[in-house]
Amino acid sequence: MSSVPRPTSPHLGVYRWQITMITSILHRATGIALYAGAVLLMGWLWSAAYAPEFYAKVHECLTSMFGKLVLVGFTLAFYYHLANGIRHLFWDMGKGFALPCAGRSGVAALLFALFMTLFTWGFALNSVVGG
Amino acid sequence: MKPAANDLRSKLAKAKGWGSAKDGVSHWWIQRVTAVALVPLTLWFMYSLFTAMLYSSPSDVAQWFSSPVHSIVMVLMLVAAFWHAKLGLQVVIEDYVHVPCCKYTLLLGNTFLCFVCGALSVLAVLRLHFLDIASGAL
């Protein structure tokens, strides 16, 4: 049996954006992005182990400006998902639900992601060959 | 006949026995266990990626994985990550896809993809571990 499209109440276009919903949506979005990243990681590992010619092509792509941008994007997604994931774990323990606290921890997660990405890539661009 | 006040579940719901979460606690719990494991494992992975693996040659990567500690931590990271990813995407699919043929196809596809990618990535790490860099033979 197929589902009949039913009317839904207005949501994203109507409600005021709040930090709690932004962080929740971002957590899901970064999770999906990291899923794709994990599949790509598998491809990279596989080519390193079994397909050196393909690895060379991948290497070329990764060193390009676009490739680096993609990697920075994955780094940002990773650090955000990590920080917000830990925020979720505190919620699972029953801590941090009070709205001001939840708002502040959300901002903290976003800032953590930003700073850690800058730190990681600052380090990478300074010391890694080809970076 | 009016249903009893404490009998809010329909007969179909009771027959299916799924409850609102459809699976009970195991999904939720394993998601948390893999998440906790992934905190140190992914941080180690990021460290190893940016100090040893990114922009290195395949032989450098093999050199990194010649250490059994590096290899086993990487394998554990991959297993936990693909398990966590499978559980996570499962919830996303269940939330947004309701047409049964699409939903079950995607759920199966998600499970299979995570198993296949997990297996392939673990095999790649093991090969890099056992590879003799000088001769290129296992």
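Labels below follow one simple rule: chain letters A, B, ... track the order of the sequence lines, proteins then strands, and each chain is numbered from 1.
- Between A:Y55 and A:W44, the ring planes are tilted. Angles from 30° to 60° get that label.
- Note on ring orientation: taking the six-membered ring where Trp is involved, the planes of A:H27 and A:H88 are tilted (angle from 30° to 60°).
- Using bins of under 30°, 30° to 60° and over 60° for the plane-to-plane angle, the ring pair B:H70/B:W44 lands in the tilted bin.
- With a 4.5 angstrom heavy-atom cutoff, B:M46 touches chain A only via side-chain atoms.
- When each of B:L43, B:L78, B:L89, B:V116 is checked for heavy-atom pairs under 4.5 Å with chain A, B:L89 comes out on top.
- Within the model, atoms CG of A:L110 and CG of A:L76 stand 9.0 Å from one another, a figure rounded to the nearest 0.5 Å.
- Looking at A:T117 and A:Y80, their side chains never bring a donor and an acceptor atom within 3.5 Å of each other.
- Note: B:M53 leads B:H84, B:M53, B:M74, B:K86 in heavy-atom pairs under 4.5 Å with chain A.
- A donor-acceptor pair under 3.5 Å is absent between the side-chain atoms of A:H11 and the main chain of A:T8, judged by distance alone.
- Only the side chain of B:F82 comes within contact range of chain A, with at least one heavy atom under 4.5 Å from a heavy atom of that chain.
- For chain A, the option among B:V36, B:N110, B:L38 with the highest count of heavy-atom pairs below 4.5 Å is B:N110.
- Panel note: side chain A:W46, backbone A:A51; no donor-acceptor pair is recorded below 3.5 Å.
- Most heavy-atom pairs under 4.5 Å with chain B, from the set A:V58, A:I86, A:L41, A:L71: that is A:L41.
- Of the atoms belonging to B:V125, it is side-chain heavy atoms, and not backbone ones, that fall under 4.5 Å from chain A.
- Comparing B:L113, B:V61, B:L120 by how many heavy-atom pairs each has under 4.5 Å with chain A, the most go to B:L120.
- Of the atoms belonging to A:L62, heavy atoms from both backbone and side chain fall under 4.5 Å from chain B.
- With a 4.5 angstrom heavy-atom cutoff, B:T42 touches chain A via backbone and side-chain atoms both.
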